[in-house]
> 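Here's a structure for you.
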There are 2 protein chains.
Amino acid sequence: MSKQTSPKQTSPKQTSPKQTSPMSKRVKARLVDVARDAGVSPATVSRAMAQPDLLTAETLARVHDSARKLGYRPDGMARALASGRTMTIGAIVPTLDSTIFARALQAMQSALAREGYQLLVASHEMNPAAETEAVRTLLTRGVDGLMLVGAERSQDAAMLLRSAGVPVVLSWVGTPECAAVTVDNELAGHLAARHLIGLGHRRIGLVVGHLPFNDRQQARLAGARKALSEAGLDLPGALVSEQGLTMAGGRAGCARLLDLGEPPSGIIGGIDLFAIGCIQEAQSRGIAVPEALSVVGIDDIDMSAHIAPALTTVMIPTARIGQICAATLLAEIKGERRHEQVALPIELVVRQSTAPAR
Amino acid sequence: MSKQTSPKQTSPKQTSPKQTSPMSKRVKARLVDVARDAGVSPATVSRAMAQPDLLTAETLARVHDSARKLGYRPDGMARALASGRTMTIGAIVPTLDSTIFARALQAMQSALAREGYQLLVASHEMNPAAETEAVRTLLTRGVDGLMLVGAERSQDAAMLLRSAGVPVVLSWVGTPECAAVTVDNELAGHLAARHLIGLGHRRIGLVVGHLPFNDRQQARLAGARKALSEAGLDLPGALVSEQGLTMAGGRAGCARLLDLGEPPSGIIGGIDLFAIGCIQEAQSRGIAVPEALSVVGIDDIDMSAHIAPALTTVMIPTARIGQICAATLLAEIKGERRHEQVALPIELVVRQSTAPAR
DNA sequence: AGGCTTCATGAAAGCGCTATCATTCAAGAT
DNA sequence: ATCTTGAATGATAGCGCTTTCATGAAGCCT
């Protein structure tokens with residue numbers, strides 16, 4: 001609590017407040033300094049930076065010269081306060097420590113950077129309260145738009161978002177009241193299950209992420225369940241294992257399923273990482289994939305095509321989600337569109353980890 | 001270029017500018033509104049938010065009541081402008097789309113969030129100019145601290161950083177002029193190579209990332225080269241393959257090395273992903289790992305322990321790097337320390353992907 | 001040539017908050 | 001009783017920029 005001296009400049013009151021005091025070594029040049037140097041008004045300098053086409057080529061050049069000479073760099077905060085725009089987009093994801101979200105954010109970041117926007121990220125580790133807090137902080141902090149993952153969230157968070165009046169885009173799973181860039185997660189589960197069913201598998205297990213506050217995994221599970229039920233197959237609780245979203249989780253889930261009295265002949269991983277973990281676990285037990293056990297994933301992460309056997313999976317266009325989120329948000333900010341709904345196609349990619357049931 | 005109406009409120013001039021106009025439905029409550037409602041001065045409200053212990057319990061309560069009643073949320077931009085602090089830390093990484101950096105950022109983000117700071121991220125995709133640009137944007141945007149990866153950067157970027165006077169912490173590789181949280185990448189390469197040499201391998205190849213603007217990979221390669229030379233071994237150019245930092249790159253690099261007239265009996269991956277790719281490539285060619293080919297990685301990513309054979313690798317405490325970067329930056333911001341240098345220990349983790357040379 | 005645009009610029013009012021300094025009042029010191 | 005002192009609060013000047021609105025100087029038309 002002991003902060004007397006402003007961290008910015010030695011002493012704002014000791015140097016003469018305005019005019020060129022002989023040796024005032026002001027650390028940062030301000031807009032007015034440039035204006036004075038160039039012999040124009042502050043307004044002109046402001047315009048030179050933001051709307052150059054409003055000025056004579058000559059004044060523009062003069063301003064630019066002065067700016068360069070003084071090493072002027074505009075102050076984002078002041079600009080934000082005066083204009084109401086922060087040139088910052090917030091993104092709240094479950095975690096950065098996941099190929100999926102990291103990849104989407106990377107794509108989003110690139111797309112935003114091209115338009116001069118920055119990405120402010122927060123994560124909530126699958127904790128609704130933490131998400132609410134993140135929403136609050138980012139809104140307070142000031143963002144021109146906000147990207148969120150999934151449609152499910154706390155009342156408080158929803159209210160904050162509504163009252164803030166900031167453009168929001170939902171990703172992976174959406175709601176109609178809000179712009180959204182989605183994929184059909186239920187279809188993903190459905191495709192995966194149908195593929196196994198089509199290969200003659202009758203006993204199918206799943207390894208999924210913890211379901212609370214994860215509507216992506218919920219939908220994928222629901223889709224698989226639906227496909228099974230359509231085929232007249234049962235999905236007892238024992239054949240569904242909830243695990244933390246790591247490869248170790250995949251191995252553990254697979255182990256649980258294989259240790260069952262009547263183990264499945266096909267397993268669906270709610271994410272590719274699970275599926276890859278399943279393959280490793282099976283192989284380490286001497287169970288051949290796909291001969292003795294078929295494994296399907298969902299996501300199609302980078303690695304899936306490169307492991308042995310290459311993973312059959314449902315491709316989710318992760319990077320495109322991020323990229324389109326950025327575009328959607330920017331469009332909404334510019335007022336070009338409202339509550340745009342983009343549904344991205346997904347498809348089954350058959351590789352070597354699945355085979356007909358014996 | 002056509003933005004007439006302020007996006008914030010319907011018309012700042014139509015509502016009476018200051019006092020309680022009867023039905024002025026101002027969208028956002030300001031600090032002065034709270035002050036008026038609570039019957040105190042703006043300064044008191046400000047203090048109520050920032051230094052509650054300076055106020056009577058009674059006034060504090062009154063202010064809080066009014067704030068809640070009006071749904072007041074402070075404006076971060078105004079606060080930043082007035083105080084000079086943004087409560088934001090910038091991080092510039094090569095890419096988010098990498099387990100390593102994503103993991104470090106996740107740890108950093110968590111640590112920062114605990115202290116009320118937000119993470120502003122940018123990436124440069126291994127492009128020095130892009131990094132410079134990112135530095136410029138983040139500094140302009142206003143950050144209280146900045147995390148960068150590696151010590152190598154453009155003159156321009158270095159100058160910007162110096163002149164900005166913002167606390168900076170370097171990660172993975174550092175320089176003495178600047179706070180840094182580092183690991184000894186050269187040692188990492190050295191450990192990996194020495195391990196293979198100790199197992200009797202005489203012909204050792206490497207798959208490394210593209211070296212320009214990547215001092216981590218440079219150092220790892222240098223360390224391996226040093227170990228080899230200490231053992232009287234040669235490292236011809238043909239045995240070093242530069243690849244993009246993906247698993248596919250690892251496979252490709254491995255393929256190149258194995259296709260050599262005299263292929264290596266041991267391969268070091270500059271990152272685990274390469275090593276894993278190497279294992280896959282070898283296995284897909286019917287070359288047994290570790291019996292016919294030993295593979296070592298560097299990083300010890302999550303997955304490395306779970307593949308078959310489990311990867312022998314040099315453990316880099318990625319998450320801790322992020323976490324300590326956050327701590328270092330916060331300490332520097334508070335003025336507690338300056339240019340602190342933290343070197344994190346690394347160690348060889350022997351698993352199943354390496355075996356004595358035949 | 002006079003009036004009407006259009007264009008380039010200037011003047012100045014904030015944006016919403018923090019921080020400094022001044023003020024008040026009550027309690028302890030003399 | 002008078003003087004200090006300190007704690008709680010108020011008044012207010014900016015922070016550095018954007019953005020109307022106003023102004024003067026050309027350009028254009030009839």
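In what follows, chains carry the letters A, B, and so on, assigned in the order in which the sequence lines appear, proteins first and then strands, with residues in each chain numbered from 1. All values reported here derive from a predicted model rather than from experimental measurement.
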> Tell me whether the OP1 or OP2 atom of C/dT9 has a side-chain N or O from A/Thr59 closer than 4.0 Å.
yes
> Considering just the side-chain nitrogens and oxygens of B/Ser46, establish if one lies under 4.0 Å of OP1 or OP2 belonging to C/dT18.
yes
> Check every strand shown and say whether B/Thr44 touches a base, only sugar-phosphate, or nothing at a heavy-atom separation below 4.0 Å.
sugar-phosphate
> Check each residue of residues 134-144 of chain B for a non-hydrogen atom within less than 4.0 Å of any atom in DNA chain C, then write out the ones that pass by number, or none.
none
> In whole Å, I'd like the distance from the CG atom of B/Leu31 to the P atom of D/dG14.
19 Å
> Starting at atom CZ of B/Arg79, determine the distance to atom C1' of C/dC15, rounded to an integer number of angstrom.
16 Å
> Evaluate whether atom CD of A/Glu336 has more than 12 neighbouring non-hydrogen atoms of other residues, nucleotides or ligands under 6.0 angstrom away.
yes
> Output yes when A/Arg62 and A/Asp65 qualify as a salt bridge under the 4.0 Å nitrogen-oxygen rule, no when they do not.
no
> Over the length of the helix from C/dA1-D/dT30 to C/dT30-D/dA1, how much do the five-pair end axes diverge, rounded to 10 degrees?
30°
> When you check the phosphate oxygens OP1 and OP2 of D/dT9, does a side-chain N or O of B/Thr56 lie under 4.0 Å from one of them?
yes
> Return whichever of B/Ala78 or B/Gly39 has its heavy-atom-nearest nucleotide of DNA chain D closer to the 5' end.
B/Gly39
> Applying a 4.0 Å non-hydrogen cut-off, can you work out what B/Val45 is touching in the nucleic acid: base, sugar-phosphate, or nothing?
nothing
> Return no unless some side-chain N or O of A/Ser41 is found under 4.0 Å from OP1 or OP2 of C/dG10.
yes
> Looking at A/Arg85, I'd like to know whether one of its side-chain N or O atoms comes within less than 4.0 Å of OP1 or OP2 on D/dT19.
yes
